Amino acid sequence: MEKNILIGVTGGIAAYKVVEVASRLKKSGANVKIMMTRNATEFVSPRTFQEITGNAVSVEMFGDAANFHVAHVALANFADLILIAPATANFLAKMAHGIADDLLTTTILAFDGKILVAPAMNTKMYENPATQANLSVLKARGVKILEPNTGNLACGTSGKGRLPEPEEICAEIEKILAEEQILAGKKIIVTAGGTLEAIDPVRYIGNRSSGRMGCEIAKFAVESGADVVLISGKAEIEPPNGLKSFFKVESALEMREKVLNEFETADCVIMSAAVADYRVKSPAAQKIKKSAENLTLELVKNPDILRELGNLKKNQVLVGFAAETQNILDYARKKLVEKNLDFIVANDVTAEGAGFGVSTNIASIIWRDGEIETFPLMSKAELAEKIVLRVEKLLNDKKFFPVGFNQ
Ligand code: C5P
């Protein structure tokens, strides 16, 4: 594993086990750097980690003025993955709230890659609603949490809160890093946002799509190594970094043109855009003046991009969305068949925490064989991950869904 792993050690007794984690990672070929909180140095000497990793250990934010460089940014740039082990309750609280009051927490804020957090503490502290709420916040942000084991604890009690064994922590890191490139060499088109259909040069007909779902899908596909082409209508959020191409479009017709241009060489299209079903037949060349009491706009049907792709499809995996307000599963199943899709993501946009504008969703995935997977409320980032992982199974011709797969 030729990867750069940054380990953040916080002040728990289990810090001693992390010496073994660092040693194993180093032996497997990784370049390992350690940062510690001041409290962590009470449990293990920085020198121990230094000898094991062959790299200087960072503790202080402003320690060495003579060699000053922006340490937290340098460390964040170094890392392919950051492991925090053991993660104390105090650290989890700080991370969940974006507090940056030492080198370790500041580095975390400056890092936008994969983070694995391994909490270890007394059972009551772990089960405390405050700690659990902080863990939920982190999970929703896409931070991976390695659950503690149950067993004897340093405080003399027995329960949940033990840091998993070094081999378990290393296996989890391997898994996360391997997952990252599962879509290498695959071209994935993702559409996002809503199309705008012009009424005149000033006004348009639009919809409430924020573009968040599509951007999260594009982001996870990029992190999985895919060549991602993002074609976005109106969106409230910035496209992710690392895209192969990015096209900003306005109308359904423009979106159609871009999607068709890219389709032949694509391995998969995920149509999460809210494409307008109708457009104004003859948009006015000049701004329409406010004179008549009633104004009638004639609308004509837009082409259904996904249905066209369904007809053109060779080996491409096609994923559609069904945003509905009633009879969700029935409508979604109908679209799945009519548009010749591999699976469809259905959601009730009227349910609280689902649909447009919010960062969470409640969705079901419907498969060609009739199987339905129903997911609880989750962040759009988490749902994006589930969608992309299923695409990967289809593209790599793996059998999908052993019971409990990735739930
Ligand atoms: O039929 P309906 O519009 O509800 O289908 C929704 C799915 O079809 C979404 O995946 C959406 O992106 C796609 N779609 C499309 N072209 C349209 C309308 C919807 O590709 N004109």
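Residue indices begin at 1 and follow the sequence shown. Atoms within a ligand are numbered from 1 in the order they appear, just like the ligands themselves. None of the values given here were measured: they were computed from a predicted structure.
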Could you find the nearest protein heavy atom to atom 19 (C) of ligand 1 and give me its residue, atom name and distance? Val275 CB, 3.9 Å
With a cutoff of 4.0 Å, is Ala252 in contact with ligand 1, counting heavy atoms of the residue only? no
re atom 11 (C) of ligand 1, the protein heavy-atom contact at minimum distance is Ala273 O, 3.4 Å
Assess Lys258 against Phe247: is NZ or CZ under 6.0 Å from the centre of the six-membered ring, and within 45 degrees of the ring's axis? yes
In ligand 1, the atoms that come under 4.0 Å of a heavy atom of Asp277 are 3 (O), 18 (C)
Can you confirm whether Ile365 sits close enough to Phe375 that some side-chain heavy atom of one is under 4.5 Å from a side-chain heavy atom of the other? yes
Any donor-acceptor pair under 3.5 Å linking the side-chain atoms of Thr131 with those of Asn134? no
Heavy-atom contacts under 4.0 Å between Lys335 and ligand 1: side chain, backbone, both, or neither? side chain
Taking non-hydrogen atoms only, is Ala274 closer than 4.0 angstrom to ligand 1 via side chain, backbone, both or neither? neither
On a heavy-atom basis, I'd like to know which of Ile270, Asp304, Val259, Val319 is closest to atom 15 (C) of ligand 1. Asp304
Take every heavy atom of Lys339, measure it against each atom of ligand 1, and state whether any distance is under 4.0 Å. yes
Protein heavy-atom partner closest to atom 7 (C) of ligand 1 - residue, atom, separation in Å: Phe321 O, 3.1 Å
